[in-house]
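Below you'll find the structure, written out as structure tokens, and then a few comments.
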Number of protein chains: 2
Amino acid sequence: MLINELSKRTGISAHTIRFYEKSGLLKGKLDENVKTNKYSHYDEESVERLELVRDAKSIGFTIREISQLMDAWYNNKMTVDEKLKVLDDKLVSITDKIKQLKEMKKMIDQFKKTVKDDAC
Amino acid sequence: MLINELSKRTGISAHTIRFYEKSGLLKGKLDENVKTNKYSHYDEESVERLELVRDAKSIGFTIREISQLMDAWYNNKMTVDEKLKVLDDKLVSITDKIKQLKEMKKMIDQFKKTVKDDAC
DNA sequence: TGCAACATTAGAGTATAGTCTATACTTGCA
DNA sequence: TGCAAGTATAGACTATACTCTAATGTTGCA
């Protein structure tokens, strides 16, 4: 599929997809049979990758971090142990973040109590 | 205390504190008794505020969002109900984020299994 | 009194993550 | 064949959140 279709399927603008491509998060391929243009073609993996980007971004991963996750997932140059290490590192940082968020919830609950008490 | 002491106590650079001050996250006061300079003086609330900024930032709140929290906490111009609304909104967004992070953990666990299976 | 250390301000520079514009080329359909 | 719609590329622009520099002024101590 061409970039416009990829954009429609993922809801991510063509501009942004090109930006992600420059950042190494996905890669289109030229169709060797077509000699008249240099249009990039994308496959289902590109759709998957963009969906992963959106999920990872929404919870605060940077493009660089997402790129590492992508490498662990798709790059065959990494050994199994290297891939597992990248994934374990992400698990640790996610677990940390969840812990911090829970602390923040407690703080806000405490705030709420104080606000209510002030009202009385 | 002057900015250097505030910086030392919080571990946040004087530059960054001034940036936060411009962003409305805290405010120093001039000492009326001192006529020879315009040095800003900070109190314990400033220390508290900077600690809250650091906590909130570490879990992904923007300065604008932190500013809203600060208002709910310190601003007496807001009604109790308005304050509670800001705090409840933050609780919802934190809960959402925790949910997403847990989903991401599941995904990564799944990734790990597949990586291990590929190795066999 | 000299001078190092500290304070202030304006403004420039950096990094991240887009977002948009301009220009030019290609495709497909009426 | 004309032309709207799609594609590619470079580069400018935006927002967020700092980070640093330069110039200037103030303080406190030897």
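Proteins come first, then strands; the chains are lettered A, B, ... in the order of their sequence lines, and each starts at number 1. Only heavy atoms go into these numbers, but all of them, side chains included; no hydrogens, no water, no symmetry mates. Since we're looking at a predicted model, the values are computed, not measured.
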For this session: Using the side-chain contact (heavy atoms from CB on, under 4.5 Å) rule, take N4(B) and L2(B) through it: C-alpha gap first, then chi angles, then the decisive distance, then the call.
Result: CA-CA 6 Å; N4(B) 237 27; L2(B) 296 180; 5.5 Å; no
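- Rounded to a whole Å, the NZ atom of K22(B) is 7 Å from the C1' atom of dA10(C).
- Each of dG18(C), dA7(C), dT7(D) was ranked by its minimum atom distance to the side chain of I3(B); first place goes to dA7(C).
- Between L25(A) atom CG and dT16(C) atom C1' the separation is 13 Å, expressed in whole Å.
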Problem set entry | Reading 5' to 3' through nucleotides 19-26 of chain D, protein heavy-atom contacts under 4.0 Å coded B for base, S for sugar-phosphate only, - for none | BBB---BB
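- Within the 4.0 Å cut-off from OP1 or OP2 of dA17(C), not a single side-chain nitrogen or oxygen of Y20(A) is found.
- The distance between atom CG of L50(B) and atom C1' of dC18(D), rounded to the nearest whole Å, is 14 Å.
- Connection of F111(A) to V86(B) is not established within any shared hydrophobic cluster, with ILVMFWY side chains joined at heavy-atom distances below 4.5 Å, either directly or through further cluster members.
- With rounding to whole Å, D31(A) atom CG is found 11 Å from dT27(C) atom P.
- At a threshold of 4.0 angstrom between heavy atoms, the contacts of S23(A) with the nucleic acid are absent.
- Contact detail for M1(A) and D43(A): the closest heavy-atom pair is CE-O, 3.8 Å.
- Cluster annotation: V47(B) is connected to L69(B) through the hydrophobic network of ILVMFWY side chains, with a link wherever side-chain heavy atoms come within less than 4.5 Å.
- Between N33(A) atom CG and dT27(C) atom C1' there is a gap of 17 Å when expressed in whole angstrom units.
- For the side-chain hydrogen bond (donor to acceptor under 3.5 Å, both in side chains) with Y42(B), the qualifying choice from K29(B), E21(B), K27(B), E5(B) is E21(B), the only one to do so.
- Recorded end-axis angle for the helix from dT1(C)-dA30(D) to dA30(C)-dT1(D) stands at 10°, based on five pairs per end and rounded to 10 degrees.
- Ion pairing between a basic and an acidic side chain is recognised when a charged N comes within 4.0 Å of a carboxylate O; K85(B) and D89(B) show such pairing.
- The structure places NZ of K57(B) at 12.5 Å from CG of L52(B), a figure rounded to the nearest 0.5 Å.
- Atom pair E65(A):CD and dA17(C):C1' shows a separation of 14 Å (rounding to whole Å applied).
- Between E21(B) atom CD and dC18(D) atom P there is a gap of 15 Å when expressed in whole angstrom units.
- Per the geometry, CD belonging to E5(A) stands 18 Å off P belonging to dT27(C), to the nearest Å.
- For the residue pair K105(B) and I94(A), the shortest heavy atom distance occurs at CG-CG2, 3.5 Å.
- The phosphate of dC18(D) has OP1 or OP2 within less than 4.0 Å of a side-chain N or O from K57(B).
- Note on R18(A): every side-chain N or O is 4.0 Å or more away from OP1 and OP2 of dT9(D).
- At dA5(C), none of the side-chain N or O atoms of N4(B) fall inside 4.0 Å of OP1 or OP2 (strictly under the cut-off).
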For this session: With side-chain contact (heavy atoms from CB on, under 4.5 Å) as the test, would you mind laying out the steps for L91(B) and D109(A) before giving the verdict?
Result: CA-CA 8 Å; L91(B) 279 178; D109(A) 276 330; 3.6 Å; yes
